[in-house]
Structure formats: structure tokens, C-alpha cells
Amino acid sequence: MTHTFRPSVTVAAIIERDGRFLLIEEETSEGIKLNQPAGHLDPGESLEQAVVREAMEETAHEFMPTGLVGMYMSRYYSKSRNADITYLRFTFCGTAGKQYDQPLDDGILRTIWMTRDEIAASSERHRSPIVLQCVDDYLAGRRTDLALLYTHPSVFEETLATDRN
């Protein structure tokens, strides 16, 4: 039996305001790390819905995606789980809306606004090796229209597997 390679699909939000980027500081199995608001794509949601949800859960800010900055792959070995994981990350840029008075996701210690240089100077604390790359791509003007992304309605159907049996 052969193993089918399945990367872990994640989304991330680049939120810039006055030359500073909204990051989160989070507790991980490998210590306190910095990351963009980011997380896994959940069943039954589009990539855009996932990044809006993750930004709200991790920062308590509304997030309105305006473009796709890039699609990134990285590989990570988790010592705590003894797992070799490849991540496929879709990074969006957009604007932050209203901030709500609500608790942040489990493990999120705080939000922090940092300049590009501050982010670069803290690279040893990045949760992902592509945190700075995403910021640099955004600053270079790399982005595409969200119309590039298409989600087939079958993604939102809860009983698709049972309907086909």
C-alpha cells in the first residue's frame, strides 16, 4: 500500500496599518512564537472564509481580504509529535475592521504590531520559516485578485459522501 502525500492546508492574513503588521504571539510546544494570524482550513469552508475566521479567532479583529499575496510550501519537523509536516499556506492581504472585546484563541498570548525590520530581527521566534517572506512579498506588491480562487459548491455540502453511496 502506498502513502498518499497530503500537505496540511493553512491560511494566513497580512494586515498592515501605518507601516506595522499585525502579528500574534502564541504558546507552542517549542516555546513562544510569532506568526501572522493563521491556521488550518476547516472542512466546509472556502479559503477566504478560513482566513476571515482565523483572523477573528486569533486577533479579535474583523478581516476583509483584498488579495492573495502568494501560495507557499514549507516543511517542518515537530519534535513533540515526532511528525514531518509539509504546509501549503495561502497568504491573503486585507484590512482590519472592528476589534471585538472577546477572548483570543487558546494558546494566543497577545497581538502585536511590528515593523518589517522588527519582524526580521525576531526571526528566531517565527512560528513558520515563511513569516518574513510573506511580509516581503506583500511589500514588493505581490498579490493577485481574489477572483483567481474558486470554491465549488460541493465544499459546502455536508452529506456529499453519503449521497454517493
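Residues satisfying the salt bridge (charged side-chain N to carboxylate O under 4.0 Å, His left out) test with Glu62, not counting sequence neighbours, are none. Asp42 is linked by a side-chain hydrogen bond (donor to acceptor under 3.5 Å, both in side chains) to Arg53, counting only residues two or more places apart in sequence or in another chain. Thr115 is linked by a side chain to side chain contact (heavy atoms under 4.5 Å, CB included) to Arg20, Asp117, Glu118, counting only residues two or more places apart in sequence or in another chain. The side-chain hydrogen bond (donor to acceptor under 3.5 Å, both in side chains) check on Glu27 picks up nothing, with sequence neighbours excluded. Residues passing the ring pair (Phe, Tyr, Trp, His ring centres under 6.0 Å) test with Phe90, sequence neighbours excluded: none. For Glu25, the side-chain hydrogen bond (donor to acceptor under 3.5 Å, both in side chains) criterion is met by Arg110, Arg125, not counting sequence neighbours. For the side-chain hydrogen bond (donor to acceptor under 3.5 Å, both in side chains) test, residues two or more places apart in sequence or in another chain that qualify with Ser29 are Ser80. Under the salt bridge (charged side-chain N to carboxylate O under 4.0 Å, His left out) criterion, Glu48 pairs with no residue at all, not counting sequence neighbours. Listed by chain and residue number, Phe5, Thr86, Leu88 satisfy the side chain to side chain contact (heavy atoms under 4.5 Å, CB included) test with Pro7 (two or more places apart in sequence, or in another chain).
In terms of heavy atoms, Thr59 sits closest to Pro37 at CG2-CG, 3.5 Å. When all heavy atoms of Gln36 and Ile14 are compared, the pair lying nearest together is NE2-CD1, 3.5 Å. Counting all heavy atoms, side chain and backbone alike, Ala96 lies closest to Met64 at C-CE, 4.0 Å. Residues Glu54 and Val11 come closest through the heavy atom pair CG-CG2, 4.1 Å. Residue Ser46 comes nearest to Leu41 through the heavy atom pair O-CD1, 3.7 Å, listed as atom of the first residue, atom of the second, then distance. The two residues Leu104 and Ala60 come nearest to each other via the heavy atoms CD2-N, 3.8 Å.
Without hydrogens or angle criteria, Glu26 side chain to Leu109 main chain gives no donor-acceptor distance under 3.5 Å.
When the options Thr10, Asp137, Thr91 are evaluated for a side chain to side chain donor-acceptor pair (under 3.5 Å) with Tyr72, the one that passes is Asp137.
Counting side-chain heavy-atom gaps under 4.5 Å among Ile, Leu, Val, Met, Phe, Trp and Tyr, the cluster of Tyr87 also holds Tyr76, Ile85.
Separation of the Phe21 and Tyr138 ring centroids falls under the 6.0 Å cut-off.
Proximity of Leu47 to Thr151: side-chain heavy atoms (C-beta onward) are nowhere separated by under 4.5 Å.
Within the structure, no pair that satisfies the salt bridge (Lys or Arg N to Asp or Glu O under 4.0 Å) test touches residues 88-109, not counting sequence neighbours. Residue pairs meeting the salt bridge (Lys or Arg N to Asp or Glu O under 4.0 Å) criterion with at least one partner in residues 4-17, sequence neighbours excluded, are absent.
Both Met73 and Val51 belong to a common hydrophobic cluster when Ile, Leu, Val, Met, Phe, Trp and Tyr are linked at side-chain heavy-atom distances under 4.5 angstrom.
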